[in-house]
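The sequence lines fix the lettering, A, B, ..., with proteins before strands; numbering per chain opens at 1.
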Amino acid sequence: MTAATQQPPANRRLIFRLVLAVFAMFGFGFALVPLYDVFCDITGLNGKTGVTDSRTVEATPIDKDRWVTVEFTGNAASGLPWEFRPTVAKMEVQPGALTRATYIARNTSNRTVVGRAIPSVTPGEAAAHFKKTECFCFTEQYLDAGETKEMTVQFVVEPDIPRSVNTITLSYAFFNTEKFVKQKKITAKQQDTKLEKTHPGKKS
Amino acid sequence: MATADAAHHDEHHAHPTGILRWITTTNHKDIGTLYLLFSLTMFMVGGLMALVIRAELFQPGLQVVDPHFFNQMTTMHALVMIFGAVMPGFVGFANWMLPMMIGAPDMALPRLNNWSFWILPFAFTMLLSSLLTAGGGPASGWTLYAPLSIQGGMSVDMTIFAIHMMGVSSILGAINVIVTIFNMRAPGMTLLKMPLFVWTWLITAFLLIAVMPVLAGVVTMLLTDRHFDTAFFNPAGGGDPVMFQHIFWFFGHPEVYILILPAFGIISEIIPTFSRKPLFGYTTMVLATAGIAFLSFIVWAHHMFTVGMPLAGELFFMYSTMLIAVPTGVKVFNWVSTMWRGSLTFETPMLFAIAVVFLFTIGGFSGLMLAITPADFQYHDTYFVVAHFHYVLFSGSIMAMMGGAYYWLPKWTGHMYDEKLGKTHFWLNTIFFNITFFPQHFLGLAGMPRRIPDYALQFTEFNVISSIGAFGLGLSQLLFVYVVIKCVRGGEKASDEVWEQPRGLEWTVPSPAPYHTFETPPRVA
């Protein structure tokens, strides 16, 4: 820039620093994205649930004195031509006990569609104590035209969940993720081999 | 100094005349005039959009425009007023007054200055022409919340690009202001001798540099989510729509101080002049401004109390928001103390300044009410919010600019404005403003949601009053335009001082201010 080179050195230094600050703040805007995820993971905010394994669950004692109601709900977001609903609306569980629940999904279109379920747990303070050992939401789900599938989630409510929480709602929103996995050919047959590869366990 | 030489150099050439003069100008007064005229034009355009909104809301039911167009109007009204009227208006004041207030011959970066301005007409041509695209203009509200804005048509892309351009313009303007203030002050003009308008603009410029890039970033994420299969805000790909709100308001809250701090500066110039006393508590004014600017970075989530935050977060944002009332209160008390036992006269600029102190304080108090988290769950997205931000933005920023325009018009044009018409404009403006927006408090408290073209029957009376006020408010601005034109064309000759012993270097130069001022820097005692 010729205009800048004519500037006195004091101006040039200051301009350089200010422009640097502008780029730094532009970068900071993008840095907020991973920071946000980290913050939510640490605090369990935003209904993001945790993962655990069955060995840990077996080692945890079951709180026989307490019952917690777990409600199930789910919906297919617009753009996903599926019917999606829980098999039961709610169940009573004991903290520490591994529990299995199912959802039913049916592809109402005439082609294979890939979707992914995004879980959310309310109230927020329960989310950190709601852990899954297995979930259809861990991976992409493929349904052929007209196919109906039962989908399983196995979860445990940790015994250290605050006493004030008596009811937990587990909600799934199923999204069409064709555009995020379109680089691979989608057929239901390939589903099993692909499961872990597309989104390996991220944010389940 | 290179810039002084350049300015001097200019003088020996014939200036281009006609339109070319304005396109090629690097003179801070010319560019200031361009900014102010642009701001006034956008104020009228945005005002017309507001009248479409108020016409639709005059009666319950849908009668004037269809709901989709109504949404476009609420969106565009905000974008045009914030980015087209208020921000460029203050940059116009900065261009005209900063160099004259600190004894500099021009802005530090005159060519950049020219460019900062001339980006704006293109940005707003793009923004406004998006109304003509298939599907109409952006209709998601000016906050462009995802996922609604991701689903919008081509107009959203045009809006995003327009915002990028406005952002570049603001950032360049801010760099120019900072370099000018740091490096071009006259000998003896130490930082703590600078007029308060200069101080508020310095702090505003730092805010602009800190947050306009964040806005650019977040709309860029929107753009890539829309077209390049990223998933910043799309849960299907691992993103989160709430994150948009966090990043947006990280920009958005400092932005509202960008819109008000220069207004504080302007009335801090006007009140001492017509009180015939120096500003009370100058240093605390500077510190309060800096304090407000700092706090603006840690309060953003009070715009989104209802997204489902944990209690700790809500408490933090509630208390930090309430804390802002402290430095703001310091300012209000200082203005009142400046007037205390002064020899007050009530010329038009002073009327506007007093009205700003009074009405802005009302807006500040309704802000405190909104800051109370449990109350906010009731008020969120109602007309109470609309009333609140019009009390701080119209009777704060816009009316401060009107007061500033009357205050400095004689210095700019060399003529006194018509005092009688000026006062008439003040009273029409202020009365109609209150008729328009005061009833909206009641509507909001009763639960009328904002951004909806229809409403329940019990809201009818207040909406009728508000709409009548809005048309009066709109029409009274035509009088403002007439007073300005009349003043530019002629009128009683203004003296160099214009007012009675005003403080500040700008009153030591002739009226009208010559094309080049302070080519030899003045000595400040």
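Between B:Ala236 and A:Asn176, the closest heavy-atom pair is CB-O, 4.0 Å. Closest heavy-atom contact between B:Val179 and A:Leu14: CA-CD2, 3.7 Å.
Listed in order of number, the residues of residues 17-31 of chain A that approach chain B to under 4.5 Å between heavy atoms are A:Leu18, A:Val19, A:Ala21, A:Val22, A:Met25, A:Phe26, A:Phe28, A:Gly29, A:Phe30. Among the residues in residues 205-219 of chain B, those with a non-hydrogen atom closer than 4.5 angstrom to a non-hydrogen atom of chain A are B:Phe206, B:Ile209, B:Ala210, B:Pro213, B:Val214, B:Ala216, B:Gly217.
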Identify each donor-acceptor pair in which a side-chain atom of residues 162-173 of chain A lies under 3.5 Å from a protein atom, sequence neighbours left out, and give them as a table.
residue: A:Thr169; atom: OG1; partner: A:Glu71; partner atom: OE1; Å: 3.0

Which donor-acceptor pairs under 3.5 Å do side chains of residues 142-152 of chain B form with protein atoms, sequence neighbours excluded?
residue: B:Tyr145; atom: OH; partner: B:Trp249; partner atom: NE1; Å: 2.7
residue: B:Ser149; atom: OG; partner: B:Leu144; partner atom: O; Å: 2.8
residue: B:Ser149; atom: OG; partner: B:Tyr145; partner atom: O; Å: 3.2

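If you measure heavy-atom distances from B:Thr180 to chain A, you find no contacts under 4.5 Å at all. Using a 4.5 Å cut-off between heavy atoms, B:Phe250 contacts chain A through its side chain alone, with no backbone atom that close. When heavy atoms are compared at a cutoff of 4.5 Å, B:Asn234 approaches chain A solely by way of its side chain, counted from C-beta outward.
Atom CG in A:Leu32 sits 8.5 Å away from atom CE in B:Met243 (nearest 0.5 Å). Here the straight-line distance linking atom CD1 of A:Ile15 with atom CG of B:Leu172 works out to 10.5 Å at 0.5 Å rounding.
Within a 6.0 Å radius of CZ in B:Phe161, other residues, nucleotides and ligands contribute 12 heavy atoms or fewer. More than 12 heavy atoms of other shown residues, nucleotides or ligands fall within 6.0 angstrom of atom CZ in B:Phe377. Other residues, nucleotides and ligands place more than 12 heavy atoms under 6.0 Å from the CH2 atom of B:Trp118.
Side-chain contact check for A:Tyr36 versus B:Ile247: every heavy-atom pair is 4.5 Å or farther apart.
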